[in-house]
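Reviewing the structure listed below.
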Amino acid sequence: MSAPMPCPAKTQVLIVGGGPSGLLLSQLLHRAGIDTVVLERRSRDYVLSRIRAGVLEQGMVDLLRRAGAAERMDREGLVHDGVEIAFEEDRLRLDLADLTGGKTVMVYGQTEVTADLYAARDAMGGVIVHEAENVALHDVDGDAPYATFEKNGETHRIACDFIAGCDGFHGVARQTIPADVLKTFELVYPFGWLGILADVPPVNDELIYACHDKGFALCSMRSQTRSRYYIQCSLEEKVEDWSDDRFWEALAAHLPADVAGKLVTGPSIEKSIAPLRSFVTEPMRHGRLFLAGDAAHIVPPTGAKGLNLAASDIHYLSTGLIDHYRGDSTGLETYSQRALARVWKAERFSWWMTTFLHRFPEKGAFGARMQRAEFDYLKSSRAAQASLAENYVGLPY
Ligand code: APR
Ligand code: PHB
């Protein structure tokens, strides 16, 4: 843990939120000679205790390398050139590399990405203020925006050129934009995911997304010895009602028998329930305030696009800001349109994967046959497989 840093009265880019979006932006800007301050509401330990997804697209891998925060990922991450879709007892392997002209994904947890970004920020002496309370953003549509916040009972004020709202779905940045300027689009799914992390070897060397009569299940991993599994659950479920034994039994019932037969079970390290939602805010810019990552959009986790979409936002925003300070503001002016064009495509893919692979009892027997037809089509068509694979490895930035 680094020593507490004095908080300057002025910076070039003030970043609200010290999750992956805010840290990556801060790191990329600092490496280009642009000064930033990150304000994070929580402690570093709290941020690093959050377990999230773990599949990185090539674009995000490249960005982490450019940020100088990829050394451990390159050493410990697992490169996957395939992924499986299971439908009832059928299984289909998609050869991602073959279907996309050589592209792959990197299996490496978001928690590790965040820890690596903190280490990279510390190594450069980056300013991150933790436990910054009551952050408020002022004059964001004028020429001289500033932020105020409280820390240890004292009020601070920081002036800046620009503000990046990287403070997640529940943050303050999106709420700063006047309601008559913002358009929001939302779809809430009638189920959640119950997830478990356990120090047991993964059931398969590649991820398996499974659609079963009982509902959706996902077999994922963090390493050769740590597995991450999920099953579809009702929103009424309470995590306390799920003993490890009950989870493992339910998971086995959601998987093809040959996969279930190979499951290695053990005590959980973490267990949680997450609701599924699709959400987009437009525009992603208001005056000198720019939204990025979960502050602007949410995808359901089917397809693992959340973190990757945050990374593509940060790519557009960091290059826009860097070009601006070098005298060309085009990228900054077009940030919202460029980011949203990619956001909507990832929203479409995540919605499609979710709709394809979950049980929707309210859609009846016809809905279930459509899902079977979707799987049969996928199995028989290289074009359909190529389309899934192209989206799964990540659309170009
Ligand atoms: N003031 C300061 N910090 C805040 C505030 C606030 N008012 N509100 C939220 N934060 C902090 C949160 O504590 C959190 O650490 O902002 C950070 C936002 O981080 P994330 O929620 O992880 O969002 P982001 O950085 O955009 O990460 C991309 O995509 O789908 C997801 O799981 C994926 O979390 C990942 C996200
Ligand atoms: C995960 O490993 O947590 C994970 C992987 C793929 C997903 C979602 C979550 O689509």
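As the structure lists them, so they are numbered: ligands from 1, and atoms in each ligand from 1.
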Counting heavy atoms only, which of Glu131, His170, Arg52, Glu40 comes nearest to atom 12 (C) of ligand 1?
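Among Glu131, His170, Arg52, Glu40, the closest heavy atom to atom 12 (C) of ligand 1 comes from Glu40.
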Other residues, nucleotides and ligands only: do more than 12 of their heavy atoms fall within 6.0 Å of NZ on Lys10?
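More than 12 heavy atoms, drawn from other residues, nucleotides or ligands, come within 6.0 Å of this atom.
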For atom 19 (O) of ligand 1, closest protein heavy-atom neighbour:
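The closest one turns out to be Gly19 CA, 3.6 Å.
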Going by the atom numbers of ligand 1, which of them fall below 4.0 Å from some non-hydrogen atom of [X]?
X      : answer
Pro20  : 22 (O), 25 (O), 27 (O)
Gly293 : 26 (O)
Leu39  : 2 (C), 3 (N)
Val135 : 1 (N)

Shell of residues surrounding ligand 2, defined by a 4.0 angstrom heavy-atom cut-off that is strict
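Residues within 4.0 Å of ligand 2: Arg52, Ala53, Gly54, Val55, Trp193, Leu207, Tyr209, Leu218, Ser220, Arg222, Arg228, Tyr230, Pro301, Gly303, Ala304.
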Less than 4.0 Å between a side-chain N and a carboxylate O, is that true for Asp81 and Arg93?
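Result for this pair is yes, salt bridge flagged.
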Below 4.0 angstrom, N of the basic side chain to O of the carboxylate: do Glu270 and Arg228 qualify?
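Looking at Glu270 and Arg228, the cut-off is met.
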Using the ring-ring contact (aromatic ring centres under 6.0 Å, His included) criterion, which residues pair with Tyr108? Sequence neighbours excluded.
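Here no residue qualifies.
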Specify side chain, backbone, both or neither for [X], according to which of its non-hydrogen atoms lie closer than 4.0 Å to ligand 1.
X      : value
Ala310 : side chain
Val299 : neither
Arg41  : both
Asp294 : both
Cys166 : backbone

For Asp141, all residues meeting salt bridge (charged side-chain N to carboxylate O under 4.0 Å, His left out), sequence neighbours excluded
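Residues passing salt bridge (charged side-chain N to carboxylate O under 4.0 Å, His left out) with Asp141: none at all.
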Side chain of Ser223, backbone of Arg226: donor and acceptor closer than 3.5 Å?
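Judged by distance alone, yes, a pair lies under 3.5 Å.
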Measure up the Phe279 and Phe169 rings against each other and bin them: parallel (under 30°), tilted (30 to 60°), perpendicular (over 60°).
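If you compare the ring of Phe279 with that of Phe169, the planes turn out perpendicular.
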So Tyr209 and Phe216, would you call those rings parallel, tilted or perpendicular, with 30° and 60° as cut-offs?
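The arrangement is tilted - the two ring planes meet at 30° to 60°.
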Are His358 and Tyr189, when compared by the centres of their aromatic rings, separated by less than 6.0 Å?
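His358 vs Tyr189: aromatic centres not under 6.0 Å.
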Once side-chain hydrogen bond (donor to acceptor under 3.5 Å, both in side chains) is applied, do any residues pair with Asp323, and if so which ones, sequence neighbours excluded?
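In terms of side-chain hydrogen bond (donor to acceptor under 3.5 Å, both in side chains), with neighbours along the sequence ignored, Asp323 is linked to no residue.
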